[in-house]
Amino acid sequence: MHFTLPPLLLILLLLTGCASEPASTRPAARLRRDNYVVLLDLSDRILQEGQITRDTALIGQVIKSYQAEVAQKLYVGSADRLKIVLAPQASHSVAVQQLGQGLYLDLGQVALAQRRQLAEPLGRIRQQVANLYAAASQDRSPRHYAGADLWHYFRDQLALDFPSSPDYEDHNHLLVLTDGYLDFESYDGHRQAGHRYASTRFVPELAQRGEQWPAVYKKNNYGLMPLPGPRTAALRHLQVVVAEVQPHAEYHLDILTAIWQQWLQESGMLAPQVLPRGTDLATAQETLGRAFTPRSAQPN
């Protein structure tokens, strides 16, 4: 005898079969990995009274954010990375270059049983940073300091400091400690296309236009040259804070803020948050902490 299943029952059986598909065939969710990089401009800006104290306090705040994120992942679930790097600068001594190496912690490369023991490696990094600033500031003559080449760092090194991996969902954070200027003793050999530069040499000229500078800036297409090539997905969402920006004259702060935001946006990244040096240190630390610390780890 031949039996025919009612249409409704047949549909239910098909749906049940689909629901019982083994979970192992579904792609596994990627783990979140937070990467923190601090980029140091060690030009003559560090000779200003109190600047080293402010820099090291803000570096310490990034380390605290790193620790908070690691703790949020219960240590063993963290592969977070912390790195402090020097911007290219012709005047770095051999001692400064050596002290600038090894300022790095990749928890993904640390044995699970040791991931809670962060006091020793982070203490080493803090001490090495202190030694680095001491060595970099020994010469008190500003004329012996070359400008930090931030444009070429972003072009050549940034992607290497934020490597992506198919195993992780990367969340990237960059603190740039700089006065905001990309200046050099000699501009020979530095790239330029129209009113676009790899430096901020045009800022004083633009500031002379007074309140009219935004119109002149837009009309003549002033700014930094965008970085060549497409950005990776991780860099398109890179969170950048440019801190300790120190304007030399009236209108400079607004111009530098516009330059940095335009540059990164035109280069396929998010506009950075700009913190002037005139910001109270405690306020600057709190602002940076809120920017780089996971919301779930922040106090109410």
Problem - salt_bridge(Arg54, Glu244) N-O dist < 4.0 Å - result: yes

Practice task
Give a yes or no on whether the backbone of Thr53 and the side-chain of Thr56 come within a donor-acceptor separation of less than 3.5 Å.
Solution key: yes

Handout entry: Chi angles and distances behind the side chain to side chain contact (heavy atoms under 4.5 Å, CB included) call for Leu47, Tyr145
Key = CA-CA 10 Å; Leu47 301 182; Tyr145 288 79; 3.5 Å; yes

Practice task
Would you mind listing the cluster partners of Tyr168? Hydrophobic ones only (ILVMFWY), side-chain contacts under 4.5 Å, chaining allowed.
Solution key: Leu31

Practice task
Would you confirm whether Thr200, through its side chain, and Val203, through its main-chain N or O, come within 3.5 Å as a donor-acceptor pair?
Solution key: no

Exercise for the section: Let me see the working for Val85 and Val37 under side chain to side chain contact (heavy atoms under 4.5 Å, CB included), right down to the final yes or no. Expected result: CA-CA 7 Å; Val85 297; Val37 172; 4.0 Å; yes

Problem - Worked check of salt bridge (Lys or Arg N to Asp or Glu O under 4.0 Å) between Glu286 and Arg290 - result: CA-CA 6 Å; Glu286 180 181 358; Arg290 289 191 177 277; 3.7 Å; yes

Practice task
Decide yes or no on side chain to side chain contact (heavy atoms under 4.5 Å, CB included) for Leu86 and Tyr153, but give the supporting numbers first.
Solution key: CA-CA 9 Å; Leu86 307 185; Tyr153 168 83; over 6 Å; no

Handout entry: Inter-residue atom distance Leu42.CG - Gln51.CD, 0.5 Å rounding
Key = 10.5 Å

Exercise for the section: Return yes if some donor-acceptor pair links the side-chain N/O of Arg32 with the main-chain N/O of His171 below 3.5 Å, else return no. Expected result: no

Handout entry: Flag, side chain of Thr283 to backbone of Thr279, donor-acceptor distance under 3.5 Å
Key = no

Practice task
Report the distance from atom CG of Leu118 to atom CG of Leu105, rounding to the nearest 0.5 Å.
Solution key: 6.5 Å

Problem - Under 3.5 Å donor-acceptor, Gln239 side chain and Ala291 backbone - result: yes

Exercise for the section: Side-chain contact test, heavy atoms from C-beta onward, threshold under 4.5 Å: evaluate it for Leu238 versus Leu235 and give yes or no. Expected result: yes

Problem - Output field: ring centroids His173/Tyr66 closer than 6.0 Å - result: no

Exercise for the section: Determine the minimum heavy-atom distance between Val96 and Leu132, stating which atoms define it. Expected result: O-CD1, 3.6 Å

Handout entry: Closest non-hydrogen atom pair, Thr293 against Ala68
Key = CG2-CB, 3.9 Å

Practice task
Tell me, yes or no, whether the heavy-atom count around His237 atom NE2, taken from other residues, nucleotides or ligands under 6.0 Å, exceeds 12.
Solution key: no

Fill in the blank from the handout: dist Gln208:CD -> Glu250:CD (nearest 0.5 Å) comes out at 12.5 Å

Pair up each side-chain donor or acceptor in residues 209-217 with any protein partner under 3.5 Å, not counting sequence neighbours, and list the distances.
unit_1, atom_1, unit_2, atom_2, d
Tyr217, OH, Gln262, OE1, 2.6

Practice task
With Asp80 as reference, evaluate Arg115, Arg33, Lys73 under the salt bridge (charged side-chain N to carboxylate O under 4.0 Å, His left out) test and give the passing residue.
Solution key: Lys73

Handout entry: Heavy atoms from other residues, nucleotides or ligands near NZ of Lys64 exceed 12 (cutoff 6.0 Å)
Key = no

Problem - Asp55 and Arg45 ion-paired at < 4.0 Å - result: yes

Fill in the blank from the handout: Rounded to the nearest 0.5 Å, the CG atom of Asp44 sits from the OG atom of Ser141 at a distance of 9.0 Å

Exercise for the section: Using atom types as modelled and distance alone, determine if a side-chain donor or acceptor of Ser267 lies under 3.5 Å from a backbone N or O of Leu227. Expected result: yes

Practice task
Spell out, as yes or no, whether a donor-acceptor pair under 3.5 Å connects the side chain of Gln246 to the backbone of His248.
Solution key: no

Completion exercise
Result for side-chain contact (heavy atoms from CB on, under 4.5 Å) between Thr178 and one of Leu39, Leu40, Asp41 points to Asp41

Problem - Side-chain donor/acceptor of Ser91 to backbone N/O of Ala146, under 3.5 Å - result: yes

Problem - Under 3.5 Å: donor-acceptor pair, side chain of Asn220, backbone of Tyr222 - result: no

Handout entry: Considering all heavy atoms, the nearest Ser164-Asp170 contact
Key = CA-OD2, 3.5 Å

Practice task
Salt-bridge test for Glu69 and Arg81: reply yes if a basic N is under 4.0 Å from a carboxylate O, no otherwise.
Solution key: no

Completion exercise
Value for NE2 (His252) from OG1 (Thr257), rounded to nearest 0.5 Å, stands at 12.5 Å

Practice task
Side-chain contact test, heavy atoms from C-beta onward, threshold under 4.5 Å: evaluate it for Ser78 versus Gln72 and give yes or no.
Solution key: no

Exercise for the section: Evaluate the side chain to side chain contact (heavy atoms under 4.5 Å, CB included) criterion for residues Val241 and Leu275: first the C-alpha distance (whole Å), next the side-chain angles of each, then the deciding distance (0.1 Å), finally the verdict. Expected result: CA-CA 7 Å; Val241 175; Leu275 295 178; 3.9 Å; yes

Fill in the blank from the handout: Here the pair of heavy atoms bringing Gln101 nearest to Gln97 is CG-O, 3.3 Å

Exercise for the section: Establish, from distance only, whether the side-chain atoms of His195 and Asn221 form a donor-acceptor pair under 3.5 Å. Expected result: no

Practice task
Would you check if Asp179 and Arg277 make a side-chain contact, meaning some heavy-atom pair closer than 4.5 Å?
Solution key: no

Handout entry: Close aromatic pair by centroid cut-off 6.0 Å: Trp263 and Phe154
Key = yes

Handout entry: Under 3.5 Å: donor-acceptor pair, side chain of Trp260, backbone of Gly180
Key = yes

Exercise for the section: Measure up the Tyr36 and Phe292 rings against each other and bin them: parallel (under 30°), tilted (30 to 60°), perpendicular (over 60°). Expected result: perpendicular

Completion exercise
Taking every heavy atom of Arg126 against every heavy atom of Gln67, the minimum-distance pair comes out as NH2-OE1, 4.2 Å

Practice task
May I ask whether Leu122 and Tyr104 are part of the same hydrophobic cluster, defined by side-chain heavy atoms of I, L, V, M, F, W, Y residues being less than 4.5 angstrom apart, directly or through others?
Solution key: no

Exercise for the section: Measure the spacing between CD1 of Ile84 and CD1 of Ile63 and express it to the nearest 0.5 Å. Expected result: 5.0 Å

Exercise for the section: Flag the pair Val242 / Leu177 as yes when at least one side-chain heavy-atom distance between them is below 4.5 Å, and no otherwise. Expected result: no

Handout entry: Over all atoms of both residues, closest heavy-atom pair of Arg231 and Gly268
Key = CG-O, 3.7 Å

Practice task
Using a 4.5 Å cut-off on heavy atoms from C-beta on, say whether the side chain of Ile125 contacts that of Gln128.
Solution key: no

Practice task
Identify whether the distance between the nearest side-chain nitrogen and carboxylate oxygen of Arg201 and Asp183 falls below 4.0 Å.
Solution key: no

